[in-house]
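What follows is a single structure, written as structure tokens, with notes after it.
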Amino acid sequence: MTSATGGGPLPLADPDDRHDRRDWEAAAAAVLRKARRLGPDDPDAAVWDALTTTTADGIRVSPLGTADDVADLPPTGVPGEFPFTRGRFAARPDGWDVRSHVGGLDAVAANREALLDLENGVTSLWIHVGGPLAADDLPRALDGVLLDLAPVVLEAPDDPVGAARALVELLDARGTTPAPGTGLGGDPVSATLRRGEPDLGGGSALDPEAAAGDVTALAEIAHGRGLLALTVDATVVHDAGGTDAQELGYALALGTHYLRVLVDGGLDVDDALALLEFRLAATDEQLTTIAKLRAARRTWARVAQLSGASPQASAQRQHAVTSRAMTSTRDPWVNMLRGTVAAFSAGVAGVDALTVLPFDAPAGRPEALGRRTARNTSALLLAESHVGVVADPAGGSYAVEALTDATARAAWAELDRTDAAGGVLAALADGSLAQRVRDAAARRDVEVAHRRRPLTGLSEFPDADETPLQREPDPSAPPVRRWGAAFERLRETPATSPVLLATMGPVAAHTARATFAQNLFAAGGVPVRVVGATAGVDDLVAAWSGERVVCLCGSDAAYADWGAAAAAALREAGATRVVLAGRPGPRTLDPSLVDDAAAVGDDAVAFLTRTREALS
């Protein structure tokens with residue numbers, strides 16, 4: 001590259017490093033001191049702890065990757081080679097398989113949706129058989145679908161063998177060789193867990209013999225026909241609130257169980273591996289999703305290696321689905337953004353197939369706009385952003401490689417815990433696996449309630465005047481423990497009585513805390529009435545019009561100066577509950593003078609619940 005004036009090459013980087021680790025620490029520490037996240041006496045090196053985040057699996061993620069982070073890691077190989085951390089293929093000229101989900105519809109409607117999707121960029125179909133769509137309806141549902149070009153993957157939780165036979169009969173009737181990737185989608189264990197609440201409590205209802213019988217029957221149908229027989233659906237753990245490591249640990253344990261059943265039934269281990277596909281969730285937590293999917297391939301390759309498989313047979317076939325748990329029924333338009341980030345992450349991670357769920361799926365059966373934006377998400381990423389062109393673009397990143405290794409080790413530790421219980425069926429039957437997932441979900445609930453894990457449009461920046469989307473029920477939708485369920489429950493029935501925001505002083509003095517309080521109450525479905533600029537206690541009392549709950553909003557100086565008088569006067573006027581926006585204390589307002597308070601980092605769900613009780 002040359003300069004615009006023709007003065008020779010323009011250097012884009014300094015050939016010598018002029019700054020070291022201490023320089024970065026000093027620069028970062030200066031910023032954190034301005035933000036009051038470091039004290040004036042804290043050493044510059046404290047920035048590492050201040051900026052380090054921790055995943056739900058307890059993995060510490062450094063703010064800045066360094067060569068030291070990967071110095072002792074095992075080699076990741078190259079794309080297309082064992083252990084397949086970097087992808088199943090050396091190159092992906094067409095990117096990933098764009099797979100749409102068709103469920104909860106009768107044969108005519110399912111056919112209409114399937115053809116529309118295939119005509120507009122989708123390359124494979126994930127068909128839910130059950131409810132309105134019976135196995136015998138598959139010929140009508142797939143009428144006009146070129147099964148030699150478009151793979152079809154079934155999901156038939158109630159009768160996987162019957163649905164599999166119906167698909168094979170259709171292929172035979174047409175004389176069609178199925179497109180590569182066509183699958184029967186059997187997973188009797190996960191299907192049992194999907195019944196009822198999303199807490200894996202169905203483990204006690206598992207029938208090992210029946211499950212093994214279905215697995216064997218599906219393998220017999222698929223083997224020799226170029227079909228996949230089983231889909232290890234680990235999203236059941238994710239949807240129940242599990243962590244990335246718990247989801248991967250379940251995938252490894254269940255995949256190993258199915259592998260044993262297949263090999264015990266007479267299949268060679270390589271042939272058995274060729275019948276498996278794995279379904280995993282992709283979330284809007286970009287780096288952790290990339291690391292999880294890379295770690296999934298690495299750990300499964302190790303399972304296959306220990307089982308005596310050949311290196312090439314050890315590659316995990318992955319189907320990623322954008323997370324149901326991360327989405328919200330409130331401000332569902334944000335789900336488009338979540339789905340886009342999740343899809344990008346899955347594509348960068350090198351998945352074989354990707355399903356972007358429609359943004360309106362949490363409200364019920366998706367409509368045309370939701371399905372269109374879902375399929376166009378992959379189209380944009382592939383055709384315009386060219387995300388699928390480069391194999392493993394995150395490979396070599398210090399942060400990604402370190403996180404991949406840590407996630408793989410955490411997943412293997414989860415597999416060890418499951419094995420210690422006697423295997424996946426035993427761990428489900430005795431409730432030990434479900435309890436670990438419930439514990440993880442409870443920890444996440446605490447983070448969400450305290451808004452340390454913010455959910456845009458739900459716990460943060462809510463639309464107080466939102467009209468919820470109305471959708472028909474979707475009988476194919478699985479039970480899900482959504483991350484923001486506590487806030488969604490608060491918003492289901494809005495409070496009818498408002499809270500008076502007793503703003504103290506001019507707008508510039510109270511706007512920060514008034515905005516904080518207004519957003520907080522909106523997140524709980526509580527309307528507010530804002531007083532506006534005031535000069536003293538008399539203005540607040542004059543503005544009060546019978547509200548039972550009032551919230552003082554002002555600066556620390558205003559609280560200390562006339563907060564006590566304001567609280568007393570509003571009580572005397574008739575308010576039954578006085579709360580404070582901010583933290584009471586010796587420099588603001590005596591805690592005994594208010595009934596409650598809310599500040600950054602507090603349990604917002606608990607505060608909102610108490611407030612709503614006072615309003616009722």
Side-chain angles (χ1 to χ4, degrees), residues 92-105 109-128 144-146 149-153 155 179 181 235 279-286 289-290 293 318-390 393 456-457 469-472 474 476-477:
R92 297 189 302 165
D94 298 322
W96 54 85
D97 171 14
V98 181
R99 183 173 298 175
S100 70
H101 182 259
V102 180
L105 303 168
N111 180 254
R112 182 174 59 248
E113 295 290 0
L115 293 179
L116 182 64
D117 285 343
L118 290 169
E119 291 166 358
N120 289 277
V122 162
T123 54
S124 72
L125 300 172
W126 171 17
I127 305 287
H128 183 93
V145 175
L146 303 180
L149 298 178
V152 169
V153 177
E155 178 186 32
T235 64
R279 184 173 295 141
L280 299 163
T283 76
D284 55 359
E285 295 175 346
Q286 182 174 295
T289 292
I290 295 170
L293 294 167
Q318 291 181 338
H319 172 207
V321 182
T322 56
S323 166
R324 299 179 182 92
M326 72 177 177
T327 58
S328 171
T329 58
R330 293 289 173 167
D331 204 355
W333 318 103
V334 182
N335 294 335
M336 295 187 197
L337 306 178
R338 296 182 178 110
T340 300
V341 175
F344 171 84
S345 304
V348 166
V351 297
D352 298 277
L354 172 61
T355 298
V356 178
L357 295 176
F359 75 90
D360 53 344
R365 184 184 295 155
E367 294 187 353
L369 178 62
R371 297 187 65 83
R372 179 169 177 255
T373 55
R375 60 179 178 259
N376 283 349
T377 299
S378 277
L380 186 149
L381 291 172
L382 289 169
E384 296 189 28
S385 301
H386 309 292
V387 173
V389 172
V390 179
T456 302
L469 288 182
Q470 299 296 323
R471 295 290 185 266
E472 294 293 326
D474 184 355
S476 70

Original post:
Are the side chain of S378 and the backbone of A374 linked by a donor-acceptor contact shorter than 3.5 Å?
Top reply: no
**OP:** Would you indicate whether the side-chain heavy atoms of R372 and N120 approach each other to under 4.5 Å?
**Re:** no
**OP:** Using a 4.5 Å cut-off on heavy atoms from C-beta on, say whether the side chain of L380 contacts that of S385.
**Re:** yes
Original post:
Taking all atoms of both residues into account, what is the closest heavy-atom pair of G103 and S476, and its distance?
Top reply: C-OG, 3.4 Å
Subject >> Option from R371, R471, R330 for which salt bridge (Lys or Arg N to Asp or Glu O under 4.0 Å) with D360 holds >> reply: R471
Subject >> Distance-minimising heavy-atom pair for A282 and A342 >> reply: O-CB, 3.3 Å
Original post:
For L382, which of D94, V98, V389, V387 qualifies under side-chain contact (heavy atoms from CB on, under 4.5 Å)?
Top reply: V98
Subject >> Side-chain donor/acceptor of T355 to backbone N/O of R99, under 3.5 Å >> reply: yes
**OP:** Compare every heavy atom of R338 with every heavy atom of D284, then report the nearest pair and how far apart it is.
**Re:** OD2-CG, 3.5 Å
Subject >> With S100, the side-chain contact (heavy atoms from CB on, under 4.5 Å) member among L357, D117, L116 >> reply: D117
**OP:** State, yes or no, whether a side-chain contact exists between L469 and T329 at a heavy-atom distance under 4.5 Å.
**Re:** no
Original post:
Can you find a heavy atom in the side chain of F359 that is under 4.5 Å from one in the side chain of L369?
Top reply: yes
Subject >> Rounded distance [0.5 Å steps], NE2 in H128 versus NE2 in H101 >> reply: 6.5 Å
**OP:** Looking only at non-hydrogen atoms, find the nearest pair between L105 and R365 and report the distance.
**Re:** CD2-CD, 3.5 Å
Subject >> Minimum heavy-atom distance A179-P151, with the two atoms named >> reply: CB-N, 3.7 Å
Subject >> Within-4.5 Å side-chain heavy-atom neighbours: S124 and V153 >> reply: no
**OP:** Working to the nearest 0.5 Å, report the span between OG1 of T289 and CG of L293.
**Re:** 6.5 Å
Subject >> Nearest non-hydrogen partners of G104 and D474, listed with the distance >> reply: CA-OD1, 3.6 Å
Original post:
Any side-chain heavy atom of R324 within less than 4.5 Å of one from T235?
Top reply: yes
Original post:
Is there a side-chain contact between T456 and D331, using heavy atoms and a 4.5 Å cut-off?
Top reply: no
Subject >> Nearest-0.5 Å distance, CE of residue M336 to OG1 of residue T322 >> reply: 12.5 Å
